[in-house]
Protein chains: 2
Amino acid sequence: MARDVARRAGVSTATVSRVLNGFAGVRADKREAVMRAAQDLGFVANGAARALSTRRFMAVGAVVPNIENEAFVRVLSSFQDRLRQAGYTLVAANAGYDLEDELREATFLLERGVDGLMLVGDIHHPDLHARIARAGIPVVQTFSLSRERPCVGFDNAASAARAANYLMDLGHRRIGVISGLRKDNDRGGARVTGIAAALAARGLRLAPEHDIEISYGIGGGRDGFRQMLAGGPPPTAIICGTDQIAFGAMIEARARGLSIPGDLSVIGHNDSDFAPFLDPPLTTIRIHSVEIGHAAGDHLIARIQGRPMVRLTEIDAELILRASTAPPR
Amino acid sequence: MARDVARRAGVSTATVSRVLNGFAGVRADKREAVMRAAQDLGFVANGAARALSTRRFMAVGAVVPNIENEAFVRVLSSFQDRLRQAGYTLVAANAGYDLEDELREATFLLERGVDGLMLVGDIHHPDLHARIARAGIPVVQTFSLSRERPCVGFDNAASAARAANYLMDLGHRRIGVISGLRKDNDRGGARVTGIAAALAARGLRLAPEHDIEISYGIGGGRDGFRQMLAGGPPPTAIICGTDQIAFGAMIEARARGLSIPGDLSVIGHNDSDFAPFLDPPLTTIRIHSVEIGHAAGDHLIARIQGRPMVRLTEIDAELILRASTAPPR
DNA sequence: TCGCTTCTTGAAAGCGCTTTCAGATAGCCA
DNA sequence: TGGCTATCTGAAAGCGCTTTCAAGAAGCGA
């Protein structure tokens, strides 16, 4: 307790507080006495008392759909870097792609005490933003763009459309999609919409039997492609919601005797660690996770500290060309 | 503020507190009035004030070497499940395989306020446990066993030795190791020690040129195997520190014209998602991450709540046999 | 109806910091 | 030396909850 330090240093708790928080205007001898006393006692301030007194929790919350997902982990990690530099702690929670759960977790964080909140995407429970507003803390959304709320992300529809255009430029006309679950997921939904629009713009369409929605993971990708084949003649190219899905689809395609990219071009999403090492190396849409995390962190810190901040930061995703895509035979 | 709720419901803050914390002994009509008032006002208790008053933070810290590492993420995720069920928040920090950094992050958590702490491994900064003791909170170590401190984990030396014995049973005599960095990492070190001991027990030795230490990742595995080949004739089997390393080594082996498992048997660690999908499917040592996370969570919650708890919980790793291992030619 | 026990309830005292405010001390110039 | 300003410092008042303690209300048996 600060009390003990004060007694040992022969000063008041006010002075202890001033020294430990680096305020100027404490005479050198007292300052040193306090430092030494704190050191001797192994004094560690009580965060709750400090938070109560300053009305600052020095913590920032983040609610992501799945903390086991590589894409979110990477963003959280770089987000945390920035928070840590500014002296803030990250408290992360899992929403599991469910709006009710997201609301529950966010409320939990709000109650626990955070000075800012990071969310993923632009689709949330109708009550969520009211609660955040009541808590009076800044929020930033990531992974997609929003016209209503501050965000750091990219245009999911446009980046997926770019992939579709690239495939069409190669000469593909039958293009399929295997996405993860799209319910309450604006990223997944926007990507499919973007692809469909790009196809439509060139007079093509996304056939329903080539539009597959599955659960994430390698197994999901395998099942998805199997399902696509069951729907009729296969497309000559597919765009997958994650690299894991792409990997699974490639395994299934190979098992069916299709060669990649000869019979089937494949594009993934996220540029996972393993993407360049697949056989063939996977063409994928790289999300600049580190930049998104940093920008989201900087954004929130700035607003917590009362500095002005741009509402929308666009960090474009990038199409990384590798050997899994080629013109159709 | 509870004050506002009290005024609106026509009771005192003491009653508000009693109702909101589910204490019995409040008359039904007042209870309902409080509930309604809290609802109407969208009341969210101030966590700092509550923590200060109860001397409970309702938060648990975890310091792991790398929050981007799949193995740790899985454990953290199941650890969080349990904490969440008990009403606790997880606050995770990154130590980056450096004891000074680990100490710094742990201190940060202690200062911030946590009721318990999870650590990875049994090697820490000499000051760390003194600080934890001063904070008076329980700690649990994971991923390895310890005779000094409460832990939930497995015998890294024994599980790696089991893999080595399996390879020797298949007839391998020249066995290599590619591990991640071992500095300040008792898991990595113990595994190599275990393998060396298993070999010695059968009159074999781990040749220095077959004992490679590299940084984690697929690229690391590739470099590691390249390095091993540069040291002389290759072993007929290798045990890798992670599945990523194994994947990288397999790529390099294939590039050098070695067939797997014909010319080279490969064993990984962790049973990553992609392990069963590699070509050939990877034999690996599966760590029961979910069980470890749950056990660590249960352990800490119990001790926080003053219930007795066993000091050591062993959750054995398991050798998963797949097609990447076979007798040598 | 009275006295005693059992329920309910609110006043008030913390929890351990930060921060304001005013007083004490020191420094400086005339 | 006196008076004024610039520095330092500590007392004390919160911050918003929880929890104790004592008192009032209600219920019960005689």
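Fair warning: this is a prediction, and the values are worked out from it, not measured in the lab. Throughout, protein chains are lettered first and strands after them, A, B, ... in sequence-line order, and every chain is numbered starting at 1. In what follows, every heavy atom counts, from backbone to side chain, and hydrogens, waters and symmetry copies are set aside.
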Checklist entry - Could you walk me through whether A:Glu102 and A:His124 pass the side-chain hydrogen bond (donor to acceptor under 3.5 Å, both in side chains) check? => result CA-CA 8 Å; A:Glu102 184 186 48; A:His124 305 288; 2.8 Å; yes
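The distance between atom CZ of B:Arg27 and atom C1' of D:dA25, rounded to the nearest whole Å, is 9 Å. A straight line from CZ of B:Arg50 to P of C:dG16 spans 18 Å, rounded to a whole angstrom. Summarising the geometry, the separation between CZ on B:Arg56 and P on C:dG16 is reported as 15 Å, rounded to the nearest angstrom. Between B:Phe23 atom CZ and D:dC17 atom P there is a gap of 16 Å when expressed in whole angstrom units. Distance A:Arg31 CZ to D:dT7 C1': 14 Å, rounded to the nearest Å. The distance between atom CG of B:Asn21 and atom P of D:dT20, rounded to the nearest whole Å, is 13 Å. The separation between A:Met1 atom CE and C:dG16 atom P is 6 Å, rounded to whole Å. Separating the CZ atom of A:Phe57 from the P atom of C:dT18 is a distance of 15 Å, rounded to the nearest angstrom.
Here B:Thr54 lies in heavy-atom contact (under 4.0 Å) with sugar-phosphate atoms only. Within 4.0 Å (heavy atoms only), A:Val16 reaches no atom of the nucleic acid at all. Looking at heavy-atom distances under 4.0 Å, A:Ala14 makes contact with a base.
Residues B:Ser12 and A:Leu20 each lie close to DNA chain C; by heavy-atom proximity, the contact nearer the 5' end of the strand is made by B:Ser12. Both A:Val26 and A:Thr13 sit near DNA chain D, but only A:Val26 has its closest nucleotide nearer the 5' end.
The side chain of A:Asn46 contributes no N or O atom lying less than 4.0 Å from OP1 or OP2 of C:dC15. Of the side-chain N and O atoms in A:Thr15, one or more sit less than 4.0 angstrom from OP1 or OP2 of D:dG10.
The base of D:dG16 lies outside donor-acceptor range of the side chain of B:Ser53, with no N or O pair under 3.5 Å. For B:Arg18 against C:dG10, a side-chain N or O and a base N or O form a donor-acceptor pair under 3.5 Å.
With respect to the salt-bridge test (charged N to carboxylate O, under 4.0 angstrom), the residues A:Arg104 and A:Asp101 qualify. Electrostatic pairing of B:Arg56 and B:Asp115 does not count as a salt bridge here, judged by no charged N lying under 4.0 Å from a carboxylate O.
Nearest nucleotide to the side chain of A:Ser17, out of C:dT19, D:dC17, D:dG16: C:dT19. The nucleotide whose nearest atom lies closest to any side-chain atom of A:Lys30 is, among D:dT9, D:dT19, C:dC15, D:dT9.
Note that CE of B:Met1 and OG1 of B:Thr13 are 10.5 Å apart. Values are rounded to the nearest 0.5 Å. Atoms CD and NE2, on A:Glu148 and A:His129 in that order, are 8.5 Å from each other to the nearest 0.5 Å.
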